Amino acid sequence: QVQLVESGGGLVQPGGSLRLSCAASGSIFRINAMNWYRQVPGKQRELVAAITSGGSTDYADSVKGRFTISRDNAKNTVYLQMNSLKPEDTAVYYCYALLHTRQLAPVTNYWGQGTQVTVSS
């Protein structure tokens, strides 16, 4: 079994910063990519940032220049550094991983349970 556990969410003032972490554990041979999504009530879940095993990154236009995704391959962990936070960044942030559980196994994907980020004065 593979589990993704997010942490680092909380309440922050506009203009402040937070760093989210997502640690993958269990049977993991290789992680192809790890992404961050976010969702607010009544709205579609959206991709915030993505990073491949090779370090290639992509960001939603709404967070470019403010958020940075990074990874620690040795720890099977992905981070999302969020700066200059705005009230519209308020959402539940979800970690997603595309990975192989063992050598020669098909690629599979997993979701974390989410961590709440609230930006408010």
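Predicted, not measured: the structure shown is a model, and the values here were computed from it.
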*Asks:* Which pair of non-hydrogen atoms, one from G55 and one from R71, has the smallest distance, and what is that distance?
*Replies:*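 Heavy-atom minimum between the residues: CA-NH1, 3.1 Å.
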
*Asks:* Tell me, do L80 and M82 make a side-chain contact under 4.5 Å, heavy atoms counted?
*Replies:*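 They are in side-chain contact.
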
*Asks:* Looking only at non-hydrogen atoms, find the nearest pair between S27 and V2 and report the distance.
*Replies:* O-CG2, 3.2 Å

*Asks:* To the closest 0.5 Å, what do you measure between OH (Y96) and CG (L4)?
*Replies:*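 Reported to 0.5 Å precision, the distance equals 10.5 Å.
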
*Asks:* Would you give the length of the straight line joining atom OG1 of T57 to atom CG of N35, rounded to the nearest 0.5 angstrom?
*Replies:* 11.0 Å

*Asks:* Can you tell me if E88 has over 12 outside heavy atoms packed within less than 6.0 Å of its CD?
*Replies:*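 Yes, the 6.0 Å shell around CD holds more than 12 heavy atoms from other groups.
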
*Asks:* Tell me whether the rings of Y93 and F67 are parallel (<30°), tilted (30 to 60°) or perpendicular (>60°).
*Replies:* tilted

*Asks:* Between D89 and K86 (salt bridge meaning N to carboxylate O under 4.0 Å), is one present in this structure?
*Replies:* no

*Asks:* Quick check for you: to the nearest 0.5 Å, what is the distance between E6 atom CD and Q116 atom CD?
*Replies:* 12.0 Å

*Asks:* Could you pull out the closest heavy-atom pair between L85 and L18, with the gap in Å?
*Replies:* CD1-N, 3.9 Å

*Asks:* Heavy atoms, side chains only, cut-off 4.5 Å: are S62 and R38 in contact?
*Replies:*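 They are in side-chain contact.
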
*Asks:* Does W36 reach the side chain of V78, with side-chain heavy atoms less than 4.5 Å apart?
*Replies:* yes

*Asks:* Would you check if S53 and I31 make a side-chain contact, meaning some heavy-atom pair closer than 4.5 Å?
*Replies:*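 S53 does not reach I31 side chain to side chain.
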
*Asks:* Quick one: do the S17 and N83 side chains pair a donor with an acceptor below 3.5 Å?
*Replies:*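 Yes, a side-chain donor-acceptor pair sits under 3.5 Å.
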
*Asks:* How about Q3 and Y110: do any of their side-chain heavy atoms sit closer than 4.5 Å?
*Replies:* no

*Asks:* Find out whether L20 and T115 are in side-chain contact, i.e. whether some heavy atom of one side chain is under 4.5 Å from a heavy atom of the other.
*Replies:* yes

*Asks:* Can you tell me how far apart CG (N76) and OG (S25) are? Round to the nearest 0.5 Å.
*Replies:* 8.5 Å

*Asks:* Check the surroundings of atom CD in Q113: do more than 12 heavy atoms from other residues, nucleotides or ligands lie under 6.0 Å from it?
*Replies:* no

*Asks:* Kindly indicate whether a cation-pi arrangement holds for R45 with Y94, taking the cut-offs as under 6.0 Å to the six-membered ring centre and within 45° of the axis.
*Replies:*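 Relative to the ring axis of Y94, which defines the angle, R45 lies inside both limits.
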
*Asks:* Could you tell me if R102 sits above the aromatic ring of F29, with its cationic atom closer than 6.0 Å to the ring centre and no more than 45 degrees from the axis?
*Replies:*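 No cation-pi geometry.
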
*Asks:* Do T108 and L99 have side-chain heavy atoms sitting under 4.5 Å apart?
*Replies:*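 Sidechains of L99 and T108: in contact.
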
*Asks:* Provide the full list of disulfide (SG to SG under 2.5 Å) pairs with a residue in residues 18-108, sequence neighbours left out, each pair given once.
*Replies:* C22-C95

*Asks:* For a 4.5 angstrom cut-off between non-hydrogen side-chain atoms, does P87 reach S120?
*Replies:* no

